[in-house]
J.: 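Dropping a structure here in structure tokens format, bear with me for questions.
Residue numbers begin at 1 in each chain, while the letters A, B, ... track the order of the sequences.
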Amino acid sequence: GAGVSQSPSNKVTEKGKDVELRCDPISGHTALYWYRQSLGQGLEFLIYFQGNSAPDKSGLPSDRFSAERTGGSVSTLTIQRTQQEDSAVYLCASSLAGGPQETQYFGPGTRLLVL
Amino acid sequence: AQSVTQLGSHVSVSEGALVLLRCNYSSSVPPYLFWYVQYPNQGLQLLLKYTSAATLVKGINGFEAEFKKSETSFHLTKPSAHMSDAAEYFCAVSDYSTDKLIFGTGTRLQVFP
């Protein structure tokens, strides 16, 4: 079946602009995660959605970052007033039911470059 | 707090040689441990995971890992490296205090003919 998809695959933007990154999880997966992969910080957790529960936003680096998940499926990560340090690969993952032992399936990522 | 340490940011082996990628974890409660592989310009793919069943876990592509509680380790091995194994490998930990994955810094594996 179809895996996790993300769009766009690449995004170049100017400092100060807003960007939206999209994630389509595997159909039927109730849990959705966003991670960021950068040279300086490695792979770091950003935010976690599980069903109708309030999202775990503990990994968001600043209030310029926000995410929503509509209808329990598609998620959008928004970065406002982008800065050069936001340049990274943003990875989305989904799992069937959430929980620490569940396998997270990752999408190919969105490579963001802020000029 | 959980953490993962991967010793060796780069490992080079000859084709056919043993692959050993090291991972040590820290967790105050029983951990769940994962190895993911990332090929260039791709997302992460699960190789194997430990979820408190058998301590020796077999994964895809001939990889396996052994959970050793006394050593807080979960090293990844493969008896015979193949050129197609060249990639970056990430060890990760989670537990019931959090559902998210905490990743190590990764080990880039190079395989020489």
J.: Which atoms of Glu102(A) come close to chain B, meaning under 4.5 Å heavy atom to heavy atom: side chain ones, backbone ones, both, or neither?
T.: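 When you check distances to chain B, only backbone atoms of Glu102(A) fall under 4.5 Å.
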J.: Is any side-chain heavy atom of Leu43(A) less than 4.5 Å from a side-chain heavy atom of Tyr36(B)?
T.: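 Leu43(A) does not reach Tyr36(B) side chain to side chain.
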J.: Below 4.5 Å, heavy atoms only, C-beta onward: do Asp99(B) and Asp56(A) meet side chain to side chain?
T.: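 SC-SC contact between Asp99(B) and Asp56(A) ruled out.
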J.: Begin with the C-alpha distance, continue with both residues' side-chain angles, and end with the deciding distance and a verdict on ring pair (Phe, Tyr, Trp, His ring centres under 6.0 Å) for Tyr35(A) and Phe103(B).
T.: CA-CA 10 Å; Tyr35(A) 294 86; Phe103(B) 286 92; 5.6 Å; yes
J.: Would you kindly confirm whether Leu46(A) and Tyr33(A) end up in one hydrophobic cluster when ILVMFWY residues are joined by side chain heavy atoms under 4.5 Å apart?
T.: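 No, no single cluster joins them.
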J.: Where on Ser58(A) is there a heavy atom nearer than 4.5 Å to chain B: the side chain, the backbone, both, or neither?
T.: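 The answer is the side chain of Ser58(A).
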J.: State plainly whether one hydrophobic cluster holds both Ile60(B) and Tyr105(A), where clusters connect Ile, Leu, Val, Met, Phe, Trp and Tyr through side-chain heavy atoms under 4.5 angstrom apart.
T.: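 No: no chain of side-chain contacts under 4.5 Å links Ile60(B) to Tyr105(A).
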J.: Select one option (side chain, backbone, both, neither) describing which atoms of Leu33(B) are under 4.5 Å from chain A's heavy atoms.
T.: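 Contact with chain A is absent: no heavy atom of Leu33(B) under 4.5 Å.
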J.: For the residue pair Phe34(B) and Pro100(A), what are the closest heavy atoms and their distance?
T.: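 Looking at all heavy atoms of both residues, the shortest contact is CZ-O, 3.4 Å.
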J.: Report yes if some heavy atom in the side chain of Gln37(A) is under 4.5 Å from a heavy atom in the side chain of Phe90(B); otherwise report no.
T.: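 Yes - at least one pair of side-chain heavy atoms lies under 4.5 Å apart.
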J.: Closest heavy-atom contact between Leu44(B) and Phe106(A)?
T.: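 Closest pair (atom of Leu44(B), atom of Phe106(A), distance): O-CB, 3.5 Å.
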J.: Please determine whether the number of non-hydrogen atoms from other residues, nucleotides or ligands lying under 6.0 Å from atom CG of Leu56(B) exceeds 12.
T.: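 Counting neighbours around CG of Leu56(B), more than 12 heavy atoms of other residues, nucleotides or ligands fall under 6.0 Å, so yes.
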J.: Is there a path of hydrophobic side-chain contacts, each under 4.5 Å between heavy atoms of I/L/V/M/F/W/Y residues, joining Val4(A) to Leu112(A)?
T.: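 No; Val4(A) is not reachable from Leu112(A) via cluster members.
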J.: With chain A, which of Lys49(B), Gln42(B), Gln45(B) has the greatest number of heavy-atom pairs at distances under 4.5 Å?
T.: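 It is Lys49(B).
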J.: Hey, is the main chain of Tyr48(A) close enough, under 3.5 Å, to the side chain of Lys100(B) for a donor-acceptor pair?
T.: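 A pair under 3.5 Å: no.
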J.: Can you check whether Asn41(B) reaches Arg111(A) side chain to side chain, under 4.5 Å on heavy atoms?
T.: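 Yes, at least one pair of side-chain atoms sits under 4.5 Å.
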J.: Give the cluster check for Val93(B) versus Leu101(B): same hydrophobic cluster or not, with ILVMFWY residues linked at side-chain heavy-atom distances below 4.5 Å.
T.: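 Different clusters: Val93(B) never reaches Leu101(B) through Ile, Leu, Val, Met, Phe, Trp or Tyr contacts under 4.5 Å.
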J.: Taking every non-hydrogen pair under 4.5 Å, which of Ser94(B), Ser52(B), Ala92(B) racks up the most with chain A?
T.: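 The residue among Ser94(B), Ser52(B), Ala92(B) with the greatest pair count is Ser94(B).
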J.: With a 4.5 angstrom heavy-atom cut-off, is it the side chain or the backbone of Leu46(B) that approaches chain A, or both, or neither?
T.: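 Contact with chain A involves the side chain of Leu46(B) alone.
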J.: Report whether Phe45(A) and Leu77(A) are members of the same hydrophobic cluster (ILVMFWY, side-chain heavy atoms less than 4.5 Å apart, transitive linking).
T.: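 Per the 4.5 Å side-chain linkage, Phe45(A) and Leu77(A) are not co-clustered.
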